[in-house]
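See below for the structure under consideration.
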Amino acid sequence: FRNFFSAVVYFFVIAFVCLDSMSKKWEDLLRTGKIEKCKIAELKEYLKTHKMTQGGEKGTLINRIRMHIEGQKHQIDGSNPAELPIAALRKTVAGFGLSCIGTQDEMLELLITHLKENPGVGGPTAANE
């Protein structure tokens, strides 16, 4: 039993380290502008991994990745707002008193901008209602 438990803990530690290094890779690609050189398939794979919408032009995909990475820095109740389903995102945006009219991408950008301008604001989430 002890060996099994150790193996499970080891697996999760390795998985976390790999995900963390992947996140840093994407942050670096954004920061340096090299993300523009990524293939659409690579961008879509990132979005698929994070259960985000994969449709749209290359610029739209890059913006979603940017919003996801920003969302990691400005979480709401421990969750990345970029990973919220549309209905939960709409409720969360409205809970901050922001306009919930527009596309999912527009609402997400509005929410993350609000969180960046108001650090420390945890706020309501649809999951808490």
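Just so it is clear, the values below take in all heavy atoms, side chains as well, and ignore hydrogens, waters and symmetry mates.
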Run the salt bridge (charged side-chain N to carboxylate O under 4.0 Å, His left out) test against [X] and tell me which residues pass, sequence neighbours left out.
X    : answer
K116 : E70
R66  : E109
K48  : none

*Ignoring hydrogens and geometry, is there a side-chain-to-backbone donor-acceptor pair from R64 to K44 under 3.5 Å?*
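It does not hold such a pair.
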
_N/O donor-acceptor pair under 3.5 Å between E106 side chain and T103 backbone_ =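 Looks like yes, one N/O pair under 3.5 Å.
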
*Can E27 and K73 be said to form a side chain to side chain contact (heavy atoms under 4.5 Å, CB included), step by step?*
CA-CA 11 Å; E27 283 182 53; K73 299 173 189 170; 4.1 Å; yes

So, taking the atom named [atom1] in [X] and the one named [atom2] in [Y], what distance separates them when rounded to the nearest 0.5 Å?
X    : Y    : atom1 : atom2 : result
N63  : E57  : CG    : CD    : 12.5 Å
L47  : M67  : CG    : CE    : 12.5 Å
H74  : E117 : NE2   : CD    : 10.5 Å
Q72  : W26  : CD    : CH2   : 14.5 Å
M52  : D105 : CE    : CG    : 7.5 Å
I101 : L110 : CD1   : CG    : 11.0 Å

Can you tell if the side chain of [X] reaches within under 4.5 Å of the side chain of [Y], non-hydrogen atoms only?
X   : Y    : answer
K51 : E83  : no
I86 : M107 : yes
C38 : L29  : yes
I62 : L30  : yes
H68 : I65  : no
F96 : I76  : yes

_Quick one, L108 with Q104, criterion side chain to side chain contact (heavy atoms under 4.5 Å, CB included). Give me CA distance, side-chain angles, the key distance, then yes/no._
CA-CA 6 Å; L108 180 59; Q104 185 172 5; 5.5 Å; no

*Evaluate salt bridge (Lys or Arg N to Asp or Glu O under 4.0 Å) for D28 paired with R31, printing each intermediate quantity in order.*
CA-CA 5 Å; D28 289 344; R31 186 178 37 76; 2.7 Å; yes

*Over 12 foreign heavy atoms within 6.0 Å of CG, L98*: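 It does: L98 CG has more than 12 such atoms within range.
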
_Closest non-hydrogen atom pair, I40 against L61_ =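 Result for this residue pair: CG2-CD1, 3.8 Å.
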
*P81 and I112: which non-hydrogen atoms are nearest, and at how many Å?*
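Here P81 and I112 meet closest at CG-CG1, 4.3 Å.
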
_From CA spacing to verdict: side chain to side chain contact (heavy atoms under 4.5 Å, CB included), L43, K58_ = CA-CA 8 Å; L43 302 174; K58 189 173 189 176; 3.7 Å; yes

